[in-house]
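Convention: sequence-line order gives letters A, B, ...; per-chain numbering from 1.
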Protein chains: 2
Amino acid sequence: MDTKTLCLGALSRADASGYEIKKAFEDGPLGHFHAASFGSIYPALNALDAEGLVACTEMAQEKRPDKKVYSITPRGRDTLARALMAPPAPDRVRSDFLFTLFLAHLLPAPRVGELIDARIAWYRDCLKQMESCDPTDRPAGAAFVHGLGVTLYRAAADYLTAHRADLLDAMAGEDRMVAE
Amino acid sequence: MDTKTLCLGALSRADASGYEIKKAFEDGPLGHFHAASFGSIYPALNALDAEGLVACTEMAQEKRPDKKVYSITPRGRDTLARALMAPPAPDRVRSDFLFTLFLAHLLPAPRVGELIDARIAWYRDCLKQMESCDPTDRPAGAAFVHGLGVTLYRAAADYLTAHRADLLDAMAGEDRMVAE
DNA sequence: GGTTGCATGTAAATGGTTACATGATTGT
DNA sequence: ACAATCATGTAACCATTTACATGCAACC
């Protein structure tokens, strides 16, 4: 799924500028399952405009730089729907955290504790933010994915909290090769 | 975290050829939180060899092509430990599945049902495979991550199973823009 | 006879990140 | 003063994926 489709998806929910789409992938819900940077969003938006899949309105603003607000066209909506009908590519996860924990025996125990604590704090922050917004006025799909996210983050935070001590205990009794 | 570090991590567990490392990232536990393809593994292994971080032994085999078995050197172990001490980059998830579900209102309901069913089946397959191998003889970190994986996949499968019907019901009562 | 598994590697193409360039405004 | 937020864009660079190249053995 390329950045063009991602932008189309974002614009299917509401008109937005490139800057706002980026924010949606940073703080918004999209960020939890996909990424996109300025360097990929702006070219994608221009390409989409050239293909007639989005329309662009220049908005002059006071005390702010000008904005280009994009809105999806009927043809854009069609293209998006078609792209969504394709069999989704398998999920791609890259987690340095998990990889590092997997090799915990190569690290000093306090460092492992730190890593886990930081991750628990991160999940709790996400959950606080996710639970603050009520999902009732959103489309069913968005509410569904939101619920899944909350469930998964909660399960992860709970697991880490419950088994943190076990891991550190097990490490204490293990043959280890620790960095200085 | 680049492919070189990934290979070092794989070799820290056991000696292996490039082909075997690839398999570990495909079927093995590593695959759940990182990816690596031939095109990145072989060059990484050669670079690692040139830097003296791994050693290579050519193994002639009967009825099989020759193998290059790599083993991590003390310096390689040191480099790996140092890399693991760096603050881990934030997780990067890209899930076309979740993105598609998020926009479920653009799809026909039966298609959404299919997508969810396929995902539940995938989780169940993974869980069957993960539960078949006992984690007691593995290092504590690997067992910990294994437990987290099982917990998360189970939670996801349960959520999808429990809320599948809710989503389809909610979609039936929604204003929708469905592809042909 | 075709596909899968074993086994290594290269080259082209892709796609995306990072950094740069610009500039006003608001907050510390 | 300095950093951050708002706002758009380009270009160099990077890493990885994909496809290609080769070849034998086993299985269906």
- Message: I want to verify a distance call: between C/dA7, D/dT8, C/dT8, whose nearest atom is closest to the A/Lys68 side chain?
- Response: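 Given the options C/dA7, D/dT8, C/dT8, the side chain of A/Lys68 is closest to D/dT8.
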Return the value, rounded to whole Å, for the distance between atom [atom1] of [X] and atom [atom2] of [N].
X       : N      : atom1 : atom2 : answer
A/Ile21 : D/dG9  : CD1   : C1'   : 15 Å
B/Asp27 : C/dC6  : CG    : C1'   : 14 Å
A/Asp66 : C/dT25 : CG    : C1'   : 15 Å
A/Asn46 : C/dG16 : CG    : P     : 15 Å
A/Tyr42 : C/dA21 : OH    : C1'   : 14 Å
A/Lys4  : C/dG16 : NZ    : C1'   : 15 Å

- Query: With sequence neighbours left out, which residue pairs that include part of residues 47-69 of chain A fulfil the ring pair (Phe, Tyr, Trp, His ring centres under 6.0 Å) condition?
  - Reply: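 The answer is none; no pair qualifies.
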What's the shortest heavy-atom distance between [X] and [Y], and which atoms?
X        : Y        : result
A/Asp15  : A/Ser71  : OD1-CB, 3.0 Å
B/Pro139 : A/His105 : CB-ND1, 3.6 Å
A/Arg13  : B/Leu103 : CG-CD2, 4.2 Å

- Item | B/Tyr159 and A/Phe144 aromatic centres sub-6.0 Å |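 Centroid separation for B/Tyr159 and A/Phe144: below 6.0 Å.
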Protein-nucleotides 13-17 of chain D N/O pairs closer than 3.5 Å?
{"from": "D/dT16", "atom 1": "OP1", "to": "B/Thr3", "atom 2": "OG1", "distance (Å)": "3.3"}
{"from": "D/dT16", "atom 1": "OP2", "to": "B/Thr3", "atom 2": "OG1", "distance (Å)": "3.1"}
{"from": "D/dT17", "atom 1": "OP2", "to": "B/Ser37", "atom 2": "OG", "distance (Å)": "2.7"}

- Message: Side chains of B/Thr161 and B/Asp158 only: does a donor on one sit below 3.5 Å from an acceptor on the other?
- Response: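 Checked: B/Thr161/B/Asp158 side chains show no N/O donor-acceptor pair below 3.5 Å.
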- Message: Keeping A/Arg75 on the side-chain end and A/Glu51 on the backbone end, is there a donor-acceptor pair under 3.5 Å?
- Response: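 Indeed, once roles are kept as given, a pair shorter than 3.5 Å links the two residues.
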- Query: Is it true that B/Glu114 and B/Arg111 have a side-chain N and a carboxylate O under 4.0 angstrom from each other?
  - Reply: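 Yes, charged N to carboxylate O under 4.0 Å.
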Check: protein-nucleotides 4-6 of chain D nitrogen or oxygen pairs below 3.5 Å:
{"from": "D/dC6", "atom 1": "OP2", "to": "A/Tyr19", "atom 2": "OH", "distance (Å)": "3.0"}

